[in-house]
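Here is how names work: the chains are called A, B, and so on, in the same order as the sequence lines, proteins then strands, and each is numbered from 1. Note that these values count all heavy atoms, side chains included, but never hydrogens, waters or copies made by symmetry.
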Number of protein chains: 4
Amino acid sequence: MPRPRSDDKRNAILAAATRIIVTQGLGAPTVLIAKEAAVASGSLFTYFETKSELFNQLFLELKTEMALTAMKGFPEGAELREQLLHVWKNWMNWALSFPEKRRAMAQLGVSGEITPATRATVSKAMAPITELMQRARETGPMRTASMAFVLTLINSVAEATMDFIAQDPANAKKHSKGGFEALWRMVV
Amino acid sequence: MPRPRSDDKRNAILAAATRIIVTQGLGAPTVLIAKEAAVASGSLFTYFETKSELFNQLFLELKTEMALTAMKGFPEGAELREQLLHVWKNWMNWALSFPEKRRAMAQLGVSGEITPATRATVSKAMAPITELMQRARETGPMRTASMAFVLTLINSVAEATMDFIAQDPANAKKHSKGGFEALWRMVV
Amino acid sequence: MPRPRSDDKRNAILAAATRIIVTQGLGAPTVLIAKEAAVASGSLFTYFETKSELFNQLFLELKTEMALTAMKGFPEGAELREQLLHVWKNWMNWALSFPEKRRAMAQLGVSGEITPATRATVSKAMAPITELMQRARETGPMRTASMAFVLTLINSVAEATMDFIAQDPANAKKHSKGGFEALWRMVV
Amino acid sequence: MPRPRSDDKRNAILAAATRIIVTQGLGAPTVLIAKEAAVASGSLFTYFETKSELFNQLFLELKTEMALTAMKGFPEGAELREQLLHVWKNWMNWALSFPEKRRAMAQLGVSGEITPATRATVSKAMAPITELMQRARETGPMRTASMAFVLTLINSVAEATMDFIAQDPANAKKHSKGGFEALWRMVV
DNA sequence: CATGAATGAGTGTTCATTCAT
DNA sequence: AATGAATGAACACTCATTCAT
């Protein structure tokens with residue numbers, strides 16, 4: 001994978017794709033994405049081999065950003081609940097700050113466009129969070145359930161909360177807290 | 001007295017659409033759906049005005065079926081937990097019995113093809129279940145959260161559990177129970 | 001050509017076609033014509049083998065009616081100018097009374113749907129009028145031109161006048177007279 | 001610096017459309033027109049947004065060309081009759097030289113595809129000719145008729161003559177002269 | 001490398017005609 | 001004969017991708 005010349009242009013395309021996906025869905029023509037990025041339609045394909053490739057990269061980028069954001073300022077020595085809450089707050093804050101990214105990510109996640117390879121890479125980026133969740137459930141009521149199932153459940157609660165925040169940002173704080181308590185009761 | 005419009009044919013198209021959506025996604029050509037239903041390509045459009053209309057009807061049909069199934073044999077006088085468990089079991093059982101319906105429903109739900117009108121009708125079909133959930137949270141820890149938020153959360157746990165059952169049917173019982181307990185802890 | 005059972009239904013279809021052609025053009029679906037005629041879509045084809053056949057019959061019917069109307073009350077013994085004027089007035093009157101027929105006829109005439117056979121039959125129906133025109137030009141300035149050419153010219157003036165009357169019926173009388181005088185000067 | 005949009009290609013499409021319209025009518029598939037123009041089917045739509053737009057542009061192009069041709073070498077100082085005859089000859093010559101253009105133009109003119117906007121633009125292109133006609137009738141027998149009516153009449157005679165020339169080119173000269181004299185008698 | 005015109009397979013939908021009832 | 005559902009070929013237009021400039 002040779003890096004294409006301009007990272008700026010690459011990022012412009014990714015950002016444009018995010019916006020377009022939110023307003024037009026994944027079926028939006030690549031020309032539209034290119035136009036939104038102020039780039040020639042053909043140029044899109046020098047940065048991403050195919051439309052599908054663009055979507056996979058975007059998904060990876062978004063998930064990675066989300067994971068990094070979640071772990072920012074992680075309180076290493078603190079108690080579990082504080083750690084979990086810290087991550088949760090970062091997470092919800094990101095969803096509140098970048099609702100478009102959140103929505104595009106959700107759409108991409110269920111689209112069937114995302115390859116197993118991409119999902120695997122995403123998993124790696126999520127590793128620190130996964131590990132935290134693992135510690136969280138270790139002694140709780142779900143200690144005998146399969147970890148994959150627990151992660152699915154946790155993820156679904158997080159996504160639901162983020163979706164709700166995205167569509168009712170006025171009560172973001174309240175929903176964030178409610179979601180966290182629900183998660184805590186469920187797992188710990 | 002021409003050939004009357006046949007419910008059989010309508011159902012064949014809906015069933016075919018379900019199968020095709022699972023294997024090919026919502027972008028699948030209508031000809032394919034028609035062929036799978038053993039019907040001429042044009043006939044699809046005597047039963048559904050547009051592809052989008054077909055998808056909306058299918059979504060409605062699936063959701064309604066799911067809701068009806070969930071309430072089957074509802075123990076009117078029983079305790080809340082038993083009632084909730086009854087619905088939950090029916091629900092998960094349906095997901096286990098008709099994994100394709102479940103998957104198609106999930107895809108349609110996030111597709112942007114479903115109109116607000118359809119969603120409103122679905123809400124009505126879900127009313128008895130909604131009411132039960134309402135009673136469940138009434139005295140629990142989420143009693144002050146907005147009902148819409150609680151429903152979103154409950155729904156997400158249910159969907160996550162169904163998804164998990166669909167992809168690991170061998171442990172369906174275990175996952176079903178795990179999901180229910182998580183839900184119970186979360187809400188009641 | 002076996003006569004179909006009901007002449008009423010046949011006429012209803014022809015009348016409906018006239019109306020539909022005016023509002024929707026010749027590309028209008030046969031179902032529409034059938035509906036306008038209050039007849040089942042399939043029935044149209046028991047009265048006319050094909051859509052094209054329907055158009056040919058309609059054209060013939062309209063032209064024949066127009067020709068018959070034009071000759072109604074023809075003053076056998078009168079002078080040429082009076083005879084010509086009589087025909088002309090009948091003609092223009094018909095166009096004024098049935099603008100839809102006139103418009104449909106015009107559309108059909110240029111459509112490429114009308115077969116030479118139909119045109120030949122029309123010619124026969126127009127024979128008395130043609131003959132009159134022939135007498136008219138006999139001693140006039142166009143006596144050496146080919147009759148076909150003269151007929152084309154006359155026809156075009158008549159059609160132009162009818163079109164103009166159809167779109168400005170308020171001045172029908174004036175236009176009719178103007179057209180006739182123009183014709184007279186041209187031919188006689 | 002990509003391939004620039006080529007006027008050649010645009011013209012090839014217009015010319016192809018002219019030919020196809022004559023042989024297949026306005027219902028001819030766009031693929032056929034594209035093939036005739038030696039262009040990919042999709043390319044047609046980079047030059048003309050819709051089939052209808054193509055037809056409108058073609059009509060405009062043909063009418064404009066016809067009007068320009070008619071005024072070529074106009075004898076400014078000459079007498080009215082000579083001026084009129086000059087225009088008439090140019091006109092008929094054009095019809096004789098490009099019978100396909102003439103036929104396509106006629107079909108388009110009555111098709112219902114041509115928008116009022118296009119007709120208005122055409123009117124402008126015809127202005128010099130219209131003005132000439134205006135001067136012609138000024139003192140003649142039609143001086144009290146509405147100009148629009150006179151124009152319609154003149155036009156119909158011209159079109160009829162062109163049609164006749166197109167289908168009997170051997171006697172083009174004779175028909176041209178005959179048509180002109182008829183016009184002259186009618187108007188001047 | 002940037003540009004946007006060129007390409008042509010692919011799609012939803014229409015509609016004349018047929019045919020089961 | 002009447003009805004209108006069934007059929008499938010046909011068609012305008014789109015769009016991911018390529019490539020001449």
Rounded to whole Å, the NZ-P distance (A:Lys51 to F:dT14) equals 15 Å
To the nearest angstrom, the NZ-C1' distance between A:Lys35 and F:dC15 comes to 13 Å
Rounded to whole Å, the NZ-C1' distance (B:Lys9 to E:dA20) equals 10 Å
Worksheet item: Hey, are D:Thr118 and D:Thr115 close enough side-chain-wise for a donor-acceptor pair under 3.5 Å?
Response: yes
Could you verify whether a donor N or O on one side chain and an acceptor N or O on the other, from A:Gln57 and A:Glu53, lie under 3.5 Å apart? yes
note: B:Arg5, atom CZ; F:dA6, atom P; distance rounded to Å ~ 8 Å
The Watson-Crick or G-U wobble partner of E:dA9, with both key distances under 3.5 Å, is F:dT14
Under a 4.0 Å heavy-atom cutoff, the residues of residues 15-34 of chain B touching DNA chain E are B:Ala28, B:Pro29, B:Thr30
Note: for B:Tyr47 and D:Ser41 on DNA chain F, the residue whose nearest nucleotide lies more 5' is B:Tyr47
Salt bridge A:Lys101-A:Glu61, side-chain N to carboxylate O under 4.0 Å: no
Validation row: D:Leu58, D:Phe48 side chains within 4.5 angstrom (heavy atoms): no
*Is the shortest side-chain N to carboxylate O distance from B:Arg102 to B:Glu159 below 4.0 Å?*
yes
